[in-house]
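The model shown is predicted, which means the values in this text are computed figures rather than measured ones. Side chains are part of it too, since the values below use all heavy atoms of this structure and drop only hydrogens, waters and symmetry mates. Letters A, B, ... mirror the listed sequences (proteins, then strands); counts begin at 1.
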2 protein chains.
Amino acid sequence: MSEFAVLSGVTHSSSTLGGELTDTLRDAIITGEIAQGSKLSETKLAKKLDVSRGPLREAIRRLEGMNLIQHVPQQGARVVMLSKALILQIYDAREALESKAVALAAEQMTSPEIDELHRLIDAQSKQMRENSGAFVPAESDYAFHEMVVRGSKNKVIERALLHELYNLIKMFRYQNEFANTSSTNSLVEHRQIVYAIEQRDPVLAEVTMRRHIVHARARIERRMS
Amino acid sequence: MSEFAVLSGVTHSSSTLGGELTDTLRDAIITGEIAQGSKLSETKLAKKLDVSRGPLREAIRRLEGMNLIQHVPQQGARVVMLSKALILQIYDAREALESKAVALAAEQMTSPEIDELHRLIDAQSKQMRENSGAFVPAESDYAFHEMVVRGSKNKVIERALLHELYNLIKMFRYQNEFANTSSTNSLVEHRQIVYAIEQRDPVLAEVTMRRHIVHARARIERRMS
DNA sequence: TTCGACAATAATGTCAACATTTAAACTTGT
DNA sequence: ACAAGTTTAAATGTTGACATTATTGTCGAA
């Protein structure tokens, strides 16, 4: 299961079996190895992964808290279905949270953190040239947004985005090639965001980020028709 | 434990013991019956509530997903500490989410739902007069905001607010008398919000709600110095 | 054939015992 | 008396068995 190690933005694998199972199942859900809407049978999964049902149930509860799984009492757990409506709702929530996050980041980020943002953007630029200007790799895009979110220093927003929404977005992107970020626009907008943060201009940062996410949402809405 | 039934905005008590325990512990945490920062010993709690540790652990995992509990592997679970910094962060997140929610509600709410908003405000007005104009009861305030949030028809925002943030805010208010909503301002602002929704004006609704929450946040920041 | 009731099967919910790790208590030496 | 190391106790992590509920399959009657 280490083949998906790149996916794990935040790791739970805290030496406890339940924590490892949480990461394993999360990655399997994100990649689609466990299909959307499919049932997570405790008995079958426990046998397949060679663990007892206790830690497995614990992992399922955690994934429930991340919105990756829906649980119905006495019936079991199913992987969430990423309908068009839900994806658009996720992006509306993301717009609200991440635009606020970047406004806070414009006030709270330290200089070394802003330097790191520049490094991430340079890496994106380099990767884009190598990929013949087609796409910004998803991991690179996540890294940038994650850095901005952490820069807000707001633990509540961090958790909502990094622990919950981003996993759903990763899942969507991983299972829909067309959902990848377009290269040129994305990179330009990232630069604008960093500029606003450097200027310590929360309002500019917020509107720039909001537009960036609205663009992404519009792209998705267009291509899912 | 039914004495706190009024607190349970959303109920889990789905006929399973784990679900009931989730509600019981949540209410005990909100009221402060289980103090902030105190440890939730599985063995002691299981004995006290006369249940086995299995369902209890499940409830703890769920409460972890609601941000009411912090869990450290091999060490156990502790009730979250509502520091001033955390409360302000919660209100920043709430501002972002609920201002977006009301903008969506201005587009999505049905007429019957808007009528219900009026009824809730009338009830607030009546209760305020009976209370010699001192306070709007917290339950009344929640009911109004919950109705608005549901009106957004955005399941992601609904969950983030109703399932996670509101519980933390209830906990804060319940344990800090000074954190109650001031009567006159709150009622006027609620009326403005309903007006904006009726006018189907998302921008006005958003700005009004944002100001409403910023006011509440400022009040808290002032009184916690 | 189709619908409904009943039986059989499998799944989730619950419990108590075991294993391992952490925290507390105690001893020992300076 | 204090500190360090060891020992003891208690807590969390894990497991397998049991109980209860839902689902599937079967039989029979309309």
Glu107(A): side chain to side chain donor-acceptor pair (under 3.5 Å) partners, not counting sequence neighbours:
none

Positional range of nucleotides in DNA chain D within the contact set of chain B, heavy-atom, under 4.0 Å
dA11(D) to dT14(D)

Can you list the residues that meet the side chain to side chain donor-acceptor pair (under 3.5 Å) rule with Arg53(A), with sequence neighbours excluded?
Glu42(A)

Report, as yes or no, whether the 6.0 Å neighbourhood of atom NZ on Lys153(B) holds more than 12 heavy atoms from other residues, nucleotides or ligands.
yes

With sequence neighbours left out, which residue pairs that include part of residues 76-93 of chain A fulfil the side chain to side chain donor-acceptor pair (under 3.5 Å) condition?
Asp92(A)-Arg217(A)

In whole angstrom, what separates Leu45(A)'s CG from dA10(C)'s P?
18 Å

For the pair Lys100(A) and Glu206(A), find out whether any cationic side-chain nitrogen is under 4.0 Å from an anionic carboxylate oxygen.
no

Students often get this wrong, so: under 4.0 angstrom with heavy atoms, is Leu21(B) touching a base, only sugar-phosphate, or nothing?
nothing

Within the 4.0 Å limit for protein heavy atoms, which parts of nucleotides 13-23 of chain C are touched? Write it as a string from 5' to 3', B for base, S for sugar-phosphate only, - for none.
BBB-----SSS

Quick one: do Arg61(B) and Glu58(B) make a salt bridge, cutoff under 4.0 Å?
no

Does any part of the side chain of Thr22(B), heavy atoms only, come nearer than 4.5 Å to the side chain of Met66(B), both counted from C-beta?
yes

Tell me every residue that passes ring pair (Phe, Tyr, Trp, His ring centres under 6.0 Å) with Phe144(A), counting only those two or more places apart in sequence or in another chain.
His190(A)

